[in-house]
Chemist: 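Just passing along the structure, written as structure tokens.
We count ligands from 1, going down the list as the structure has it; atoms in each ligand are counted the same way. Bear in mind the structure is a predicted one, so any value in this text is a computation, not a measurement.
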Amino acid sequence: MEIHIVQNAERGAEVVADVFVRTLQEAGESGTVLGLATGSSPVPAYAELIRRHREEGLSFARSRAFLLDEYIGLPAGHEQSYHHFIRENFTSHIDIDDAAVVSPDGASADPVSEAASYDRRLREAGGVDLQILGIGSNGHIAFNEPGSSLGSRTRVIGLARSTIEDNARYFDTADDVPVRALSQGLGTILEARRIVLTATGAGKAEAVAQLAEGAISARWPATALQMHPDVTVVVDEAAASKLELADYYRYSRRLEAEHPLLALG
Ligand code: PGA
């Protein structure tokens, strides 16, 4: 894992945006499949990518995008649906075709079939080139709550109480938060060719420490990412505050800056 400890969310957004640009450049004419996340963590990176699109000509015209997850029971147009969120915060502000932004159908009458079909559609698209992730305070990625199988596929999952409490801020009351979601599984996410995870704030410090330095375990689902060969983690000082090896990560990033061909982590 390549861990970047940054001074603030703005600097973190630049580091994440650089990973997107590298992936888009590598794909060239053939275009990329982007894996997009909702939640507050990726929003500064999306804002930076929108800025680069507007001011520097960064183009997503050849990209397709797949969302990580969706609440069950909210129609696509609901303002708290992830279908709506990603358009509001990112894709309607760049030059990606709206029909190329795909998410699980949370209003499907048969969510179990919808989950299997979503996994299939991801595979048929050739898989995800770059997946952006946040992390829950309980260590979830997407809605893979503690206890999720490390090999899980896209499926219906019940939200943990802590997730409902964390997400209640977007709804009138905690009772309005849907209790089930369709979520890519940990095994699905691990098939992405490159992953960038971003987190800020002390509330994420324990989850970030487990992600990078904890034992791989369903107890902290994000630890599954330790098995992936190309993961960049971008955290501010508060989210990094429980990392025992923080000095080593800083040293590694300095070494890489001095020797551009090195890629440590
Ligand atoms: P947040 O959520 O980015 O809004 O903190 C992250 C998550 O729960 O995965």
Chemist: Test your reading of the model: is there a side-chain donor-acceptor pair from H53 to the backbone of S59, 3.5 Å cut-off?
Modeler: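 Checking the backbone N and O of S59 against the side chain of H53, no donor-acceptor pair under 3.5 Å is found.
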
Chemist: When you measure from the side chain of D129 to the backbone N and O of T32, does any donor-acceptor pair fall under 3.5 Å?
Modeler: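 No.
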
Chemist: Keeping the roles fixed (side chain from N144, backbone from H140), state whether a donor-acceptor pair exists under 3.5 Å.
Modeler: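 A pair under 3.5 Å: no.
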
Chemist: Is there a donor-acceptor pair under 3.5 Å between the side chain of Q131 and the backbone N or O of G35?
Modeler: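 The answer is yes, because a donor-acceptor pair under 3.5 Å joins these two groups.
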
Chemist: Are V128 and Y82 connected into the same hydrophobic cluster when the rule is that any two of I, L, V, M, F, W, Y join if their side-chain heavy atoms are below 4.5 Å apart?
Modeler: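 Per the 4.5 Å side-chain linkage, Y82 and V128 are co-clustered.
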
Chemist: Hey, does the side chain of Q184 reach the backbone of L67 with a donor-acceptor pair shorter than 3.5 angstrom?
Modeler: yes

Chemist: Note down each nitrogen or oxygen pair, ligand 1 side and protein side, whose separation is under 3.5 Å; give only atom names and the distance to 0.1 Å.
Modeler:
unit_1	atom_1	unit_2	atom_2	d
ligand 1	3 (O)	S40	N	3.2
ligand 1	3 (O)	S41	N	2.8
ligand 1	3 (O)	S41	OG	2.5
ligand 1	4 (O)	S40	N	2.9
ligand 1	4 (O)	S40	OG	2.9
ligand 1	4 (O)	R169	NH2	2.9
ligand 1	5 (O)	K204	NZ	2.6
ligand 1	8 (O)	H140	NE2	2.7
ligand 1	9 (O)	H140	NE2	3.2

